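Only one structure is covered here, and it is reproduced in the block below.
Residues take their numbers from the sequence shown, with the count starting at 1. Side chains are part of it too, since the values below use all heavy atoms of this structure and drop only hydrogens, waters and symmetry mates. Since we're looking at a predicted model, the values are computed, not measured.
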Amino acid sequence: TANTVTEKATADYKPEKYLGGVGHNAKIFWELGNPPVEAFHEDNPLIISVGPLTGTSGPFGRAVISGIAPQSYPKELFAFSGFGGKFPTELKFAGYDAIVVRGKASRPVYLSINDATAEIKDATAFWGMDTFATQTAIMTENPGASVLSIGPAGENLCRFSIALNESASAAGQGGFGAVMGSKKLKAISVKGSGGQKVANPENLLKLITDRKTAGEWLTGGAQAWGRNPLCGEPIASEMRNKYLKRVGGCHGCTYQCMGFYSMPGIGTGGQMCVEAWYGWFSGGSSEGYWDGNIMSQKLGINNYELLGVMVILGSLLSSGAASLRDLGLTSGPPYSGGAAAHHRFLDELLGGIASGKSILAQGVGRASKQLGQPAVNLYNSMWAANGYYQHHIECVGSALHWATESRDPWNSCHDYQSGFGPNASIAAHFGVPGGDWGGTKKNVYTNTEKQTAWVQNHASLKNSLPICDYASSPSTYYHPPSMDIQIFESQMLSAVTGVNYDVTRLWEAGERIWNLRRAIAVSRESRQRTDDEISSTWFQQLIGGSESLSAPLNRMDWDALKDRYYNLRGWNSTNGWPTRQKLESLGMPQVADKLEQAGRLG
């Protein structure tokens, strides 16, 4: 608003307690007073933090963006989204741990950071450009920089718009592209000529060497699946054999999990995992699949939500819950018909969303409410909690995780797939018996609260150090007693910072970060036990076929599980609020004081 740039010391926000990433973002948001505003209000702070490990060799080239998320439904919640690419490392090399954007510009602008120089520059000429063109244009002005940009979807306040770095590294969930658009912030450009200062480089080198020797950090290793379109044949083979140009990944990461493809007439870009969203609906058309990926990335629309849009679109039309006209379309999905037919449909669907003219641009939850009860019923059967399309609820523990988060948590909790079954040695090693992943599917409630709390604490650390969720599976680092994921992360943090973070101290930081995020939800959003739920449909029927529970959730067992979870967390089991005893044990007496003043201390 004032067209000014200021600097603050990271030390003001207790990095020894909250590390970086999502922990740092939460601490900043708390100190800003948990603004009780809507997502598109100028007082919603957009916060982007790297972490203490960002910039080191390995799967650490990530950052986390936070703020009040417009995608959340029915309430707008304080949430986060992670992203990789080159941008996080450039920010670290420029000497900064975080960017906080407040207010609203009077015209389109972009923030240009070149080492110690940070300027707000005019972006009027870039407004209306897609994300690829924006990055190219700004990099022409700032050679060697990395650019985080929004497309037309963010400019027009689509509630599930993204902020994109390069062609496939996006802050996808949450709709933070629209928060940038509401502030008239087209992009952030950053170039750093410094480096990551490592306190004990010999220790760091040994950790990295040991991981490669163990076969855990090899290019072409565990994440090779991500390079290929995950939408079956014949698309996967055709893309690999005809259009794959190279593999790559986030800056400094050994996994190189992205595939970069170029298709004449459509374009060049990267893909990993859900970028294949349209391939499932293209009738086997590689051209349709790739057109969907490139178009959605350029326009700046969240691919995972688009996967849900396509699912519910077919259900709405086939059930009669909505007409094409209701959805702003003239024709339904062309499951066949050639590249031209796919392009026409994609142009109409995605163009309507990106322009803000489609009812779907407000998110499927808000759109369903306008379409009527049949559409609401369909929405409730597919969107699990807090406005996010269902994404792997394969066990009771992950269902509880969904219920107590502010967003789709799965990007940070693949730990549930890491041998945490009832009899798994990994679960016993970490002291988290319970859970039901692996083997014969069986809904397990007993002790599952321990599993959920463990994964939540670990997710808090992964998003704060940061370390890529795909590269931090407990099963990958399982070499007891000399090495496991907790030992590795504590030793990495100690090597880089020179501060002795043993496992106990590091794990306490993860619990502290989770409790601060809970305090924000309780303070700002009046969150309580009754809000810690997933869609009632999960108690009535099975969802998702093989990637689902063995039976619908049992309400009595679920409520008892929640009681045990709150008690384990040290929260009041009646309302789900943190207690003074718990917060003070984590070194957070001021947080307890503020909750008590608000009448929300457990």
Side-chain angles (χ1 to χ4, degrees), residues 126-136 149-162 164 167-168 170 172 175 177-178 181 229 231 235 238-239 243 261-271 274-317 322-364 367 389:
F126 310 139
W127 200 254
M129 283 187 179
D130 67 47
T131 57
F132 289 16
T134 299
Q135 292 181 74
T136 300
S149 68
I150 64 171
E155 296 173 2
N156 294 311
L157 309 187
C158 166
R159 286 183 177 269
F160 51 102
S161 56
I162 65 174
L164 185 73
S167 63
C231 49
I235 294 175
E238 185 173 357
M239 292 300 294
Y243 304 113
Y261 299 83
S262 183
M263 183 179 290
I266 295 178
T268 301
Q271 92 90 49
V274 80
E275 276 88 355
W277 68 275
Y278 188 64
W280 294 107
F281 307 95
S282 69
S285 168
S286 295
E287 293 83 2
Y289 146 69
W290 193 241
D291 201 8
N293 176 42
I294 293 294
M295 192 182 299
S296 59
Q297 297 289 55
K298 284 184 174 183
L299 293 172
I301 308 173
N302 180 358
N303 284 328
Y304 196 80
E305 187 72 0
L306 284 174
L307 180 64
V309 165
M310 291 300 298
V311 173
I312 201 169
L313 194 64
S315 297
L316 287 170
L317 294 173
S323 66
L324 288 170
R325 183 175 179 180
D326 292 333
L327 299 168
L329 298 171
T330 58
S331 63
Y335 300 105
S336 59
H342 286 295
H343 185 79
R344 284 192 299 271
F345 169 72
L346 287 165
D347 191 45
E348 186 174 51
L349 175 68
L350 301 185
I353 291 172
S355 69
K357 296 177 181 178
S358 168
I359 190 175
L360 295 168
Q362 295 304 305
V364 178
Y389 178 56

(message) Please determine whether side-chain contact (heavy atoms from CB on, under 4.5 Å) holds for the pair Arg344 and Ser331, giving the CA-CA distance in whole Å, both sets of side-chain angles, and the decisive distance to 0.1 Å.
(response) CA-CA 9 Å; Arg344 284 192 299 271; Ser331 63; over 6 Å; no
(request) Only counting residues at least two apart or in another chain, list the ones meeting ring-ring contact (aromatic ring centres under 6.0 Å, His included) with Phe281. (result) none
(request) Name all residues meeting the ring-ring contact (aromatic ring centres under 6.0 Å, His included) criterion together with Tyr389; count only those two or more places apart in sequence or in a different chain, and write none if there are none. (result) Tyr304, Trp383
Ignoring hydrogens, what is the shortest heavy-atom contact between [X] and [Y]? Give both atom names and the distance.
X: Ser161; Y: Ala178; result: OG-N, 2.8 Å
X: Pro264; Y: Tyr243; result: CD-CE2, 4.0 Å
X: Pro229; Y: Gln271; result: N-NE2, 3.6 Å
X: Ala361; Y: Gly356; result: CB-CA, 3.9 Å

To the nearest 0.5 Å, tell me how far [X] [atom1] sits from [Y] [atom2].
X: Phe126; Y: Ile150; atom1: CZ; atom2: CD1; result: 13.0 Å
X: Leu307; Y: Ile312; atom1: CG; atom2: CD1; result: 12.0 Å
X: Ile235; Y: Tyr278; atom1: CD1; atom2: OH; result: 10.0 Å
X: Cys158; Y: Glu305; atom1: SG; atom2: CD; result: 8.5 Å
X: Ile294; Y: Ile266; atom1: CD1; atom2: CD1; result: 8.5 Å

[X]: which residues meet the side chain to side chain donor-acceptor pair (under 3.5 Å) condition with it, sequence neighbours left out?
X: Gln135; answer: none
X: Asp347; answer: none
X: Ser262; answer: Thr268

(message) Counting C-beta onward and ignoring hydrogens, is there a side-chain heavy-atom pair between Ile353 and Leu299 closer than 4.5 Å?
(response) no
(message) In the structure I gave you, are the side-chain heavy atoms of His343 and Met295 within less than 4.5 Å of one another anywhere?
(response) yes
For [Y], is there any backbone N or O sitting under 3.5 Å from a side-chain donor or acceptor partner on [X]?
X: Glu155; Y: Gly128; result: yes
X: Ser296; Y: Ile301; result: no
X: Thr131; Y: Ser149; result: no
X: His342; Y: Glu287; result: no

Mind checking what makes side chain to side chain contact (heavy atoms under 4.5 Å, CB included) contact with [X], not counting sequence neighbours?
X: Ser355; result: Lys357
X: Ala367; result: Ile359, Leu360
X: Ala133; result: Met129, Asp130
X: Gln297; result: Phe132, Ile162, Leu164, Ala168, Glu275, Asn293, Asn303

(request) Give a yes or no on whether the ring-centroid distance for Trp290 and Tyr261 is below 6.0 angstrom. (result) yes
(message) Ignoring hydrogens and geometry beyond distance, is a side-chain donor-acceptor pair present between Glu238 and Tyr289 at under 3.5 Å?
(response) no
(request) Sequence neighbours left out, what passes salt bridge (charged side-chain N to carboxylate O under 4.0 Å, His left out) with Glu348? Give chain and number order. (result) none
(request) Would you sort out whether Leu316 and Asp326 count as a side-chain contact (heavy atoms from CB on, under 4.5 Å), showing the intermediate values? (result) CA-CA 10 Å; Leu316 287 170; Asp326 292 333; over 6 Å; no
